[in-house]
Structures are given as structure tokens and as C-alpha cells.
Number of protein chains: 2
Amino acid sequence: MKKTEKTIYEARAKIIKAIAHPSRLLIIEELQRQERCVNELTEMIGADTSTVSKHLSVLKNAGLVADEKRGNAIFYTLRCPCIMGFMGCVEEVLAANAEDQKNIMKACKK
Amino acid sequence: MKKTEKTIYEARAKIIKAIAHPSRLLIIEELQRQERCVNELTEMIGADTSTVSKHLSVLKNAGLVADEKRGNAIFYTLRCPCIMGFMGCVEEVLAANAEDQKNIMKACKK
DNA sequence: TGGCTATTTGGCTATATTGCCAAATAGATT
DNA sequence: AATCTATTTGGCAATATAGCCAAATAGCCA
């Protein structure tokens, strides 16, 4: 792998890594519906505020969300709705895996 | 986040995490083109064989690739070509980030 | 000003990931 | 059988990630 290539793959991996966490997936899904402040997301996730704040900074750092201060709160929005297209494929993979499991079970019973 | 919800998000995150690594991105891209054995991928990546083997087992464990033994070698194939749809969105994010950088630079010069 | 509310930051521990080496395994070849 | 090739596994050290608490910061409100 050449150096230039490596840089490109690393940049892509950084984006995808930012998405690859249960809480951050929830955040992305919710922000795709509507903008939310840290407090609201914290309640939905049920973790410490600081933890959620850090998740948001990971997403922001990857360029996936934008934030805007309004009044006392900071509202986060999803910058790239296309991310949700991801999820369809992920579900496909999960469905395929479930199908495999089913077939394995069936084979075992024989 | 309810327990059931959490399980779902964790399952999704596992798939996405499997994709989120530079070498594994290269592997996915290459397998989308054609099936490859561990040795071939190892050469392309330029890491230890054992390292590549482990990357492949991560992908396999997530259900993203399948393997088939033929002769002396084990050939890996991509199970879900839809993953490549991911990449378009990732590139969009990277382009948007680059655009931001450019604007920041421009603002600084003033 | 002083106290709220919302959010971020620093610090720490626990856990997970990565990547190398060496050794084990499995087939193919001689 | 002995060897060669391809791959996986175990073990280890380095690094990264996650999540909590406590403390810092910033704007609002009385």
C-alpha cells in the first residue's frame, strides 16, 4: 500500500470509525429526524452528559455533524443525510447473517 | 436507550466497526473487484500475513466476506457488494470537510 | 453579583484493537 | 515420510477508545 493510498484509506476509516458506535448510531439516526441539543440526546441515550458530549465531538471532528448555539443550549444537526443510506446495507448484512444462522440450526437438527 | 434498542445498535455498530479500518477498506474494495487469497491481499497491503489473516477474520465474523478453500489457498469473496455504496457517502463527507477547510483558510487570509 | 443551566474538558481506569513474532495446522508436492 | 506453501492461532506490547467523576466554562436569569 503506497503512502498516498494509505492516507486516503485512513481518512475514510476515520469517518466510518466515527459512525461505528451504538450511541453514535442513535445520535445520527435522531439528528436525521431533527436537530437536538446535548441534553436531549443524553436523556435518550442514558449515559453521562460528558460521555455524550464526547461522542458528539467525535462526530463533529469527523465532519458528520454541525453545531449551533442558540440561547443556553447547543443544537446539533446532521451534515450528511446520505449516511442513512449506510444503514440499509447494514441491515442487509444483518439479515443475511440471521439467515445463515437459521440454516446452520436447521442442519444441526438433522 | 432500552435494552432491545441497545442490542440492535450494537449489532449494527459491529458491522460498521469491521469496515472501519484502512487495511480492511482496501480488502473490501479489492474483493468487490475480484476474489483474492490471503497471500495476494497481504502483498497489496504490505503487512504481516498474520495481521491480514486477522483482518479477514474480523470481516468474516461480521458476515461481510465469505471464504472458500481451493487447492492450497483460501479465497475470500465479498458477500455484500452494497457496502461499496457506503463509500460514495464517505467521499461526500470528505469533500465537504475539504471545502470547509478551504473556506477557513480564505477567511484567515483576510 | 450570584446562582442556574447547558456543555466541555481533564483525569483516570477498564477494555478493545492493532500488529508483530513465533509456533501450530492443513494440504499439496516430491 | 519429509518438505513446502498457505493460513491461522497464541502471545505480547503499544496504542486507542469508552465511560465515569469532578472541575472548568459560558451564557441566562433573578
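Values below: every heavy atom of this structure, side chains too, minus hydrogens, waters and symmetry copies. Each chain gets a letter, A, B and so on, in the order the sequences are listed, and its residues count up from 1.
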Partner residues of E92(A) under the salt bridge (Lys or Arg N to Asp or Glu O under 4.0 Å) criterion, sequence neighbours left out: none
- line: Closest non-hydrogen atoms of L25(B) and I16(A), given as atom of the first, atom of the second and distance, are CD2-CD1, 3.7 Å
Side-chain donor/acceptor of D67(B) to backbone N/O of K60(B), under 3.5 Å: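 Not at all, since once roles are kept as given, no pair shorter than 3.5 Å links the two residues.
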query: Sub-3.5 Å donor-acceptor pair from the side chain of R24(A) to the main-chain atoms of A18(A), do we have one?
result: yes
query: Taking the side chain as C-beta and beyond, is there a heavy-atom pair between L64(A) and R79(A) under 4.5 Å?
result: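 L64(A) vs R79(A): side chains apart.
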field: Pairwise side-chain contact, F86(B) with V90(A), heavy-atom cut-off 4.5 Å (strictly under)
entry: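 Yes, their side chains come closer than 4.5 Å.
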- request: Treating Ile, Leu, Val, Met, Phe, Trp and Tyr as nodes and any side-chain heavy-atom pair under 4.5 angstrom as an edge, say whether V38(A) and M44(A) lie in one connected cluster.
  value: yes
message: Does the protein touch nucleotides 25-30 of chain D at the base, only the backbone, or not at all? Give it as B, S and - per nucleotide, heavy atoms under 4.0 Å.
response: --B---
- request: List for me each residue that meets disulfide (SG to SG under 2.5 Å) alongside C89(B), sequence neighbours excluded, and say none if there are none.
  value: C82(A)
- prompt: Is it true that the NZ or CZ of R70(B) lies under 6.0 Å from the centre of F75(B)'s six-membered ring and within 45 degrees of the ring axis?
  reply: yes
- prompt: What is the distance from atom SG of C37(B) to atom NZ of K69(B), rounded to the nearest 0.5 Å?
  reply: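 Reported to 0.5 Å precision, the distance equals 12.0 Å.
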query: Can you tell me how far the CD1 atom of I28(A) sits from the CD atom of E30(A), to the nearest 0.5 Å?
result: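 Atom-to-atom, I28(A):CD1 and E30(A):CD are 12.0 Å apart.
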message: Students should find this one: the first and last nucleotides of DNA chain C, 5' to 3', lying under 4.0 Å from a heavy atom of chain B. What are they?
response: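 Endpoints of the contacted stretch of DNA chain C: dT17(C) to dA28(C).
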field: Residue matched to dA30(D) through Watson-Crick or wobble contacts both under 3.5 angstrom
entry: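 With both distances under 3.5 Å, dA30(D) matches dT1(C).
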message: Below 4.0 angstrom, which residues in residues 3-22 of chain B have at least one non-hydrogen atom near DNA chain D?
response: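 Going residue by residue through residues 3-22 of chain B, none turns out to have a heavy atom under 4.0 Å of DNA chain D.
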- line: Within residues 27-58 of chain A, the residues having a heavy atom closer than 4.0 Å to DNA chain D are A47(A), D48(A), S50(A), T51(A), K54(A), H55(A)
query: Heavy-atom count around E5(B) CD within 6.0 Å, excluding the residue itself: above 12?
result: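 Correct, the count exceeds 12.
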message: Students often get this wrong, so: under 4.0 angstrom with heavy atoms, is F75(A) touching a base, only sugar-phosphate, or nothing?
response: nothing
task: Determine, for R12(B) against E29(A), whether the closest basic-nitrogen to carboxylate-oxygen distance falls under 4.0 angstrom.
output: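 Judged by the 4.0 Å cut-off on N to carboxylate O distance, R12(B) and E29(A) do form a salt bridge.
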